[in-house]
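Quick notes on the structure that follows.
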Number of protein chains: 2
Amino acid sequence: MRKSVKRAYSRYTEEAICLLANLIRSARIEQKLTTQEVADRAGISRSMLQRIEKADLRCQVGAVFEVATIVGVSLFDASQSLTTIRKEINRSKEKLSLLPKTAHKAHKVVDDDF
Amino acid sequence: MRKSVKRAYSRYTEEAICLLANLIRSARIEQKLTTQEVADRAGISRSMLQRIEKADLRCQVGAVFEVATIVGVSLFDASQSLTTIRKEINRSKEKLSLLPKTAHKAHKVVDDDF
DNA sequence: CTAACATGAGTCATATATAAACCATTTCAT
DNA sequence: ATGAAATGGTTTATATATGACTCATGTTAG
């Protein structure tokens, strides 16, 4: 079964995606690309691109990133190129390997019995 | 009708999301948060969080960003805070207002007829 | 000015993502 | 060591996102 979902997003998430949407649209127009063209290149429908540029939170993250990449909007801090992003991935893997595998909660020592 | 879709993503997109996933997982474990906890806070299921941490490109962008926000992975360069991100949104709006509204293709003047 | 084109917005059928539940395995605290 | 807890990997029913159309409006090049 599936609980009927009316998801609530934090203000920060909403605005982050709004910014991303605006950046995408700007970049697209600056490069004189039509919605149809970008959609084709990204392998999505024009309606989908419309939703992305309207900051629809429900779009697939892959589609959004793909479009961003196509119009040249960089996604993370230092990840401008494939090379740098790969380095960062490796760093993150190293880091992950040093961390514990699971996140056990600190046991509440119960002394609230009086 | 709907064409059955086997979407292809660029290498860059894949790796960008892979990096994001790794950063999220690292951050979660560092903070000793279980998958269940983070899922609850984000208002998603544990299975969803698992896919996010496995860099599944088909997750909703809103869910991914929400999780990133919760564990403290920043999405843009300088947009650590709501205030800075809002400034950037405004800047992007200004910029957008100066651009043409539609992206007309430059007419190919055909002189390739000899 | 105006025709061609880009975009916005809505509908609909259906492919697909999602939440829930379950079990097996791994990991960690004690 | 051992048990409690966390995680991985399924499966399934259903809500939902998506692509394809269509029409209306806006915009721009010429």
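Every chain is numbered from 1 and lettered A, B, ... according to where its sequence line falls, protein lines coming before strand lines.
If you take CG of B:Leu49 and P of C:dT18, they are 12 Å apart, rounded to a whole angstrom. The CZ atom of A:Arg28 sits 13 Å away from the C1' atom of D:dT27 (whole-angstrom rounding). The CD-P distance, from A:Glu37 to C:dC5, rounds to 13 Å in whole Å. Taking atom CD of A:Gln50 as the reference point, atom C1' of C:dA6 lies 10 Å away to the nearest angstrom. Atoms CG (B:Leu98) and C1' (D:dT27) sit 17 Å apart, rounded to a whole Å. Between the CG atom of B:Leu96 and the P atom of C:dT7 there is a distance of 12 Å, rounded to whole Å. Distance A:Leu99 CG to C:dT27 C1': 14 Å, rounded to the nearest Å. Across the protein-nucleic acid pair, A:Glu53 atom CD and C:dT7 atom P stand 8 Å apart, rounded to whole Å.
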* To do: Evaluate the side-chain contact (heavy atoms from CB on, under 4.5 Å) criterion for residues B:Ile17 and B:Tyr9: first the C-alpha distance (whole Å), next the side-chain angles of each, then the deciding distance (0.1 Å), finally the verdict.
  => CA-CA 11 Å; B:Ile17 294 186; B:Tyr9 296 97; over 6 Å; no
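Comparing C:dA17, D:dT18, C:dA6 against the side chain of B:Arg58 picks out C:dA17 as the nearest. Between D:dG9, D:dG19, C:dT7, one nucleotide has an atom nearer to the side chain of B:Thr102 than all others, and that is C:dT7. Candidate nucleotides D:dG8, D:dA29, C:dT7 were compared by shortest atom distance to the side chain of B:His104, and D:dA29 ranks first. Among D:dG9, C:dA29, D:dG19, the nucleotide with an atom closest to any side-chain atom of A:Ser45 is D:dG19. Side-chain proximity of B:Ile44 to the nucleotides D:dT7, C:dA19, D:dT22 is greatest for C:dA19.
Checking B:Arg46 against B:Ala63, the closest nucleotide of DNA chain C that is more toward the 5' end is the one next to B:Ala63. Residue whose closest nucleotide on DNA chain D sits further toward the 5' end, between B:Ile29 and A:Asp56: B:Ile29.
When the side-chain nitrogen and oxygen atoms of B:Lys54 are compared with OP1 and OP2 of D:dG9, one or more of them lie within a distance under 4.0 Å. The shortest distance between the side-chain N/O atoms of B:Arg7 and the OP1/OP2 oxygens of D:dA17 is not below 4.0 Å. Within the 4.0 Å cut-off from OP1 or OP2 of C:dA19, not a single side-chain nitrogen or oxygen of B:Arg51 is found.
Using a 4.0 Å heavy-atom criterion, one finds that B:Ser47 contacts the bases of the nucleic acid, with or without backbone contacts as well. Residue contacts shown for A:Gln60 are limited to sugar-phosphate atoms, with no base heavy atom under 4.0 Å away.
Taken together through direct or relayed side-chain contacts under 4.5 Å among Ile, Leu, Val, Met, Phe, Trp and Tyr, B:Ile89 and B:Leu96 form parts of separate hydrophobic clusters. In the hydrophobic clustering of ILVMFWY residues, with side-chain heavy atoms under 4.5 Å counting as a link, B:Tyr12 and B:Val61 come out together.
Counted by atom type alone, A:Asp40 and A:Gln36 present one or more donor-acceptor pairs between their side chains at under 3.5 Å.
Between B:Glu53 and B:Arg28 there is a salt bridge, since at least one side-chain N of the basic residue sits less than 4.0 Å from a carboxylate O of the acidic one.
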